[in-house]
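Structure, as structure tokens:
Order of the sequence lines sets the chain letters (A, B, ...), proteins ahead of strands, with each chain counted from 1. Hydrogens, waters and symmetry mates are skipped; everything else that's a heavy atom, side chains included, is used.
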Amino acid sequence: MSLVHLANLCAHLKNCNNVRVATTSIPYTRMHLQTVLGLHKQGFISGIKRGSLNGPDVEPTEVTPDNISSRRLWIDLKYRNNRSVIRDIQLISKPGKRVNLSQEDVKALASGLPVRKITPLQPAEAIFIKADNEIYEVHEAAQRNLSGQALFRVK
Amino acid sequence: MFKNTLGPVSIIRRCLSTSSPVLEQTSSKANKHAKLLSKYYTPDLLKSIQITESLVQPEELISLKLAGGRARSKVAPSNERSDYSMSDPAWDEPILYPNQAGSRTPYPPIPNVNSPDDTGLILKFDKAVSDEPRNQSKIKRTSEIAKELSKLLNMDEAYLRSLAVRPLVMRRVSHKTNKGSIPGFFALTVVGDRNGSLGLGIGKSLDGMRVAVSKAHWNAIKNLQPLNLYENRTIVGDFESKFHGVKMRVRSAPEGSGLRVNHIIYEICQAAGIKDLGAKVYKSRNPMLIAQGFVKALGQQQSIEELAASRGKKIVDMRTVYYSQ
């Protein structure tokens, strides 16, 4: 995933959480979809819907070259006890400095050990790794013996 | 019982021999008694004691025992034929000079003549129910604070009395008025039940440090809040906190690590019941702000169950479930 796009995504989610926005839209791309699917699986967001610039689709609409420019992904954010569920979301690999992890590094991170400058995995935190142009959570990646780029962490 | 059968002296003889079946019981007792006495007296003394003991009639002894602890044996005067008209030297009360008899003298004490004009008259007035309370000072003792706050806050008085209290900051401040500066007193106190509850209170007074500390204690109890700890010994995960100029990084620690923290944070952890923690304070190390920043951040921590519930996940302790410890 383009780290610039990922940085925009993280910043957008942070801004939305600060003002308690219920739903928000992000660009409709494969990597964006995989990222938000990962977040949803981990329980950080409550829903993902395809939609247009104006809002989520009421009826399922096929994506064609004609409407691709107006396609957006709509995310439902989660809040509990007057706090947002996503307390903090930040990049690990920055556009200026990529962090690539070997198989052992991924396993170490998944076990809660620090890896180079990456602080250990906190309770109720998720780290996402990009391996082979697919986005996995660190535990999943460790289970599958994958190595890749540490993208971002959410807690 | 025994009088009908035998005379006094012969009892001893009988006691010494164990052949008689009638006196078997008494002979064993008498033997025991003789054995006990033989530990403390020489054989001659023992014999004389035994003779005198044998002269005591059993009924007299029994009646004395029945009379109770205050009974006194009646000892006859030395001269059996006296009619008490003459004084008996053996029976007359010895003259106890007042200064020689210790504390139990029957005579009145010798008057103190250091101040002869002093008549010794002591005037005593009946103390009426005082309008002023006994302790009118503003310094409240722990028991008083606990009593009053238990009513105000509807909490158990014994619990409030048992809270650990520690004044963290005690400062002499300057109170500026139009006439000049008056010294004032500031105290910051932490209060905790060493089991997950914590309160921080500030007290200020012009009347002295003790009053300020007492006020701080009061306010700290009012600010008591429950904390979300992990395993009742450390925080959940790590956190970074910035409070005014104080920046701190606080890390949870494994069991047995202890408190490797700033001294202010140490006292707060002791009161709260946090046993393992690591912390580093950067930039400003103002004790007042460290205390406030740390307590504020602690209050914002969520328990592991809350975090799991937010994400819709089930939380499982691997040690108990997987490793069955």
Side-chain angles (χ1 to χ4, degrees), chain A residues 13-14 16-18 20 22 35-48 75-92 107-115 117-128 137-140 142-143 152-155, chain B residues 196 225-243 247-257 260 274-282 293 296-323:
Chain A
L13 286 175
K14 266 191 136 173
C16 290
N17 280 316
N18 284 339
R20 304 287 193 265
T35 310
V36 294
L37 274 169
L39 285 175
H40 174 73
K41 208 172 170 183
Q42 294 303 318
F44 287 108
I45 54 175
S46 65
I48 313 164
I75 302 166
D76 304 322
L77 297 166
K78 271 172 124 175
Y79 302 92
R80 192 166 191 267
N81 290 341
N82 212 24
R83 285 190 241 226
S84 55
V85 173
I86 299 175
R87 293 173 286 152
D88 188 30
I89 179 165
Q90 54 180 255
L91 291 178
I92 300 173
K107 292 202 162 88
L109 250 190
S111 313
L113 298 167
V115 173
K117 292 274 182 148
I118 309 172
T119 59
L121 196 65
Q122 296 296 303
E125 191 178 38
I127 292 180
F128 290 91
E137 209 269 313
V138 70
H139 292 290
E140 231 187 292
Q143 207 169 27
F152 67 106
R153 64 199 306 166
V154 206
K155 63 171 183 183
Chain B
Q225 59 172 354
L227 301 176
N228 287 315
L229 300 177
Y230 175 67
E231 284 179 352
N232 231 12
R233 57 170 187 88
T234 191
I235 56 169
V236 175
D238 308 342
F239 67 81
E240 264 183 55
S241 145
K242 183 183 173 310
F243 185 79
K247 294 184 187 178
M248 61 175 85
R249 282 200 200 158
V250 187
R251 297 172 302 277
S252 65
E255 200 159 4
S257 308
R260 300 175 197 190
I274 297 170
K275 289 126 192 153
D276 311 295
L277 201 71
K280 177 77 184 162
V281 181
Y282 299 94
K296 187 181 177 190
L298 270 186
Q300 286 174 346
Q301 295 307 301
Q302 291 173 286
S303 71
I304 200 87
E305 289 87 19
E306 278 172 23
L307 292 169
S310 306
R311 279 177 57 182
K313 299 283 177 186
K314 180 180 170 183
I315 188 81
V316 158
D317 185 3
M318 290 292 280
R319 254 181 259 150
T320 49
V321 172
Y322 190 75
Y323 299 104

State whether the number of non-hydrogen atoms from other residues, nucleotides or ligands found under 6.0 Å of [X] atom [atom1] is greater than 12.
X: B:K242; atom1: NZ; value: yes
X: B:Q225; atom1: CD; value: yes
X: A:R20; atom1: CZ; value: yes
X: B:K313; atom1: NZ; value: yes

Practice item. Check each atom of A:Q122 against the heavy atoms of chain B and say whether the ones under 4.5 Å are side chain, backbone, both or neither. Key: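 Only the side chain of A:Q122 comes within 4.5 Å of chain B.
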**Study point:** Residue from B:I235, B:D238, B:V236 passing side-chain contact (heavy atoms from CB on, under 4.5 Å) with A:P123
**Key:**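 Of B:I235, B:D238, B:V236, side-chain contact (heavy atoms from CB on, under 4.5 Å) with A:P123 is met by B:V236 alone.
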Check your understanding: Which residues in residues 79-88 of chain A have any heavy atom lying under 4.5 Å from a heavy atom of chain B?
Key -> A:R80, A:R83, A:V85, A:R87
Check your understanding: Taking only residues two or more places apart in sequence or in another chain, which ones pass ring-ring contact (aromatic ring centres under 6.0 Å, His included) with A:F152?
Key ->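 ring-ring contact (aromatic ring centres under 6.0 Å, His included) list for A:F152, sorted by chain: A:F128.
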**Study point:** Heavy-atom pairs under 4.5 Å with chain B, option from A:Q42, A:K78, A:E125 with the top count
**Key:** A:Q42
**Study point:** Residue among B:S310, B:S252, B:G312, B:G237 with most heavy-atom pairs under 4.5 Å to chain A
**Key:** B:S310
